[in-house]
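To start, the structure itself, in structure tokens.
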Amino acid sequence: MSNSSERILLSSEREGRISHFRFWVMVGVPLAALLFQVYVPLFFQFLGFLELPLLVVVYFALMRRNQVSGLLIGAIVGLAQDSLSKNPLGMFGIVKTLVGYFASSIGVRLDVDNTAMRLVLTFFFFVFHQFFYWVLARALLAQQLAFEPQKTLLLGLLNALVGVSLFYFLDKLREKA
Amino acid sequence: MESFLNRYRSITILLLVVFAQLVLLAVQVKNDQDVRMIRVWTVTAVTPAARLIEGFRGGGAGFLSRYILLHDADAENRRLHAELDRLKVENIFLKNELATADRAKALQVLQSHVPSKTLAATMFMAGAGSNSKVVFVDQGTLRGVQRGMAVVTADGIVGKVLAAYPTASEVVLVTDPDFAAGVISQKSQARGTLKGQGTPLCKVDYVPADEKVELGEWFYTSGDDRIFPRGFPAGVVKSVRNGQPYKEIYLEPSGLQRGLEDVLILLEGVHMEIPSAPLTGQPVYIGPPAPAAAGAPQIPGGVVQPPPPTGPGTAADSLKSQYKSIGDAQNHTFGVGEPGSKPPDFTRLGLPPAPAKQGPAAKTPPTAPKASPPVEEPDR
């Protein structure tokens with residue numbers, strides 16, 4: 001009896017922390033992130049380092065705290081990103097699917113409203129994303145891409161800093177419970 | 001079984017989604033074919049939004065500059081008035097120039113420069129990915145664009161159409177590692193394959209080591225790849241090293257030098273001749289030398305003051321004119337004298353003109369000519 005109550009309590013607590021978003025937010029924010037990536041660097045080349053689609057996937061996966069939802073968001077955004085690149089469809093799709101799945105898995109267990117935690121997680125997922133993409137490109141497409149650890153770590157830090165600010169803004173778009 | 005699937009629902013869906021994308025990848029790589037439907041959906045969804053933003057950006061920037069930032073309008077107005085006065089004078093001069101120009105010939109030359117059927121396009125977004133070397137232009141299959149068509153600017157080749165969608169086309173740039181085009185050098189006619197490197201410089205591969213290629217030499221499209229018509233500038237050689245069995249040649253692509261906002265898509269390419277003279281950019285103006293002293297263009301005895309040039313020319317042109325004038329003054333026709341016949345007297349070349357009253361004395365030849373100038377056909 002006590003065991004059952006405890007499980008119900010845990011479940012309720014977890015359910016209470018799940019964030020909900022309106023439909024237009026779930027569609028519009030990833031679309032805006034993709035637009036940013038293909039449009040803004042035309043005028044501000046130094047902003048080309050930003051992986052906004054990845055940051056958006058990480059945010060929604062963390063906040064939704066649902067693995068299926070997270071991996072589907074990752075797959076859709078990744079495939080859309082593939083569509084706008086010259087890569088075969090599936091490269092960004094697979095990587096972002098895994099990012100979405102792992103981010104939502106972590107979101108279940110950790111307090112992802114904490115700023116420091118968000119910073120660390122965004123940094124980690126950026127490095128994971130870049131490394132896994134590099135592995136896939138070499139293994140599946142035989143592309144000889146260069147992987148520069150120092151550059152990746154630095155870009156990861158920059159993306160994490162931007163990500164924390166972006167997450168703060170996206171928090172405002174959450175539906176009130 | 002059902003409880004097993006419920007328990008591992010998430011991981012099962014993950015594996016299914018990843019597996020599906022792996023199959024998608026494998027199909028594309030194996031058949032070398034794209035899954036066009038998904039790309040069309042995405043491009044069709046993103047393109048209107050990108051155009052809308054571009055419209056807002058252009059409109060917003062225009063509104064800001066026209067109606068908000070008026071703090072220097074008065075100074076600008078005065079500057080424009082001064083500019084207008086200057087342009088009016090210049091306009092009168094240009095009208096006079098235009099009246100004497102052979103317009104029909106000029107038009108003919110212009111048309112013959114670009115015989116291919118082209119379509120103007122504007123780049124409006126870059127490809128996704130931080131190292132992207134692809135761009136999107138605002139013309140697509142509705143205007144006749146097809147995959148594989150060449151994209152150029154007035155400065156040279158830019159890339160080729162990777163995928164054509166109804167309202168937009170994806171263009172892979174010459175700097176992309178997947179780009180390749182057949183090229184030929186201007187002087188030695190060495191053929192090779194231009195390849196992108198992912199860096200600002202491109203590599204020309206498969207040029208045999210015994211071919212002679214110089215720094216600064218231009219490469220043009222050879223037409224061998226059946227994408228780029230022959231004769232479009234590809235770039236200028238920035239580095240050449242001998243290797244085995246091929247040279248290592250790096251080009252600076254000329255088509256990307258002035259930005260990519262406006263490009264031409266070659267709907268029907270027509271091969272052109274490769275120019276025989278090196279490209280020099282814009283023509284260089286050479287001013288005429290100072291006019292000769294009045295009344296002393298020529299004196300008896302063959303001492304000739306350099307004639308005023310009739311048009312722009314180099315120092316060599318001026319010297320040639322001087323030799324020709326000396327020959328004319330002494331009734332000598334260059335190129336017709338027998339070997340051993342008396343050459344014209346070049347010894348007073350460059351000396352100040354003698355006064356007219358010294359005419360008879362001036363016929364005396366100098367005692368010690370410094371050097372024998374070459375006697376050759378000056379009109380060649």
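Chain A is the first sequence line, chain B the second, and so forth, proteins listed ahead of strands; every chain is numbered from 1.
- Only the backbone of Phe124(B) comes within less than 4.5 Å of a heavy atom in chain A; its side chain stays farther off.
- For a residue to count as touching a neighbouring chain, one of its non-hydrogen atoms must lie under 4.5 Å from one of that chain's; by this rule Asn66(A) does not touch chain B.
- With sequence neighbours excluded, the residues satisfying ring pair (Phe, Tyr, Trp, His ring centres under 6.0 Å) with Phe132(A) are Phe128(A).
- Using modelled atom types and a 3.5 Å distance limit, the side chains of Tyr206(B) and Lys195(B) yield a donor-acceptor pair.
- With a 4.5 angstrom heavy-atom cutoff, Val46(B) touches chain A via backbone and side-chain atoms both.
- In this structure, chain B has a heavy atom under 4.5 Å from the side chain of Phe43(A), while its backbone stays farther away.
- Side-chain N/O atoms of Gln197(B) and Thr175(B) include no donor and acceptor closer than 3.5 Å.
- Outside the 6.0 Å centre-distance limit, the rings of Phe125(A) and Phe102(A) are not counted as a close aromatic pair.
- A donor and an acceptor atom, one from each side chain of Ser105(A) and Gln67(A), are located under 3.5 Å apart.
- Of the atoms belonging to Leu31(A), it is side-chain heavy atoms, and not backbone ones, that fall under 4.5 Å from chain B.
- Of the N and O atoms on the side chains of Glu51(A) and Gln130(A), not one donor lies less than 3.5 Å from an acceptor on the other residue.
- Contact annotation for Leu162(B): only side-chain heavy atoms (C-beta onward) come within less than 4.5 Å of a heavy atom of chain A.
- With a 4.5 angstrom heavy-atom cutoff, Leu136(A) does not touch chain B via any of its atoms.
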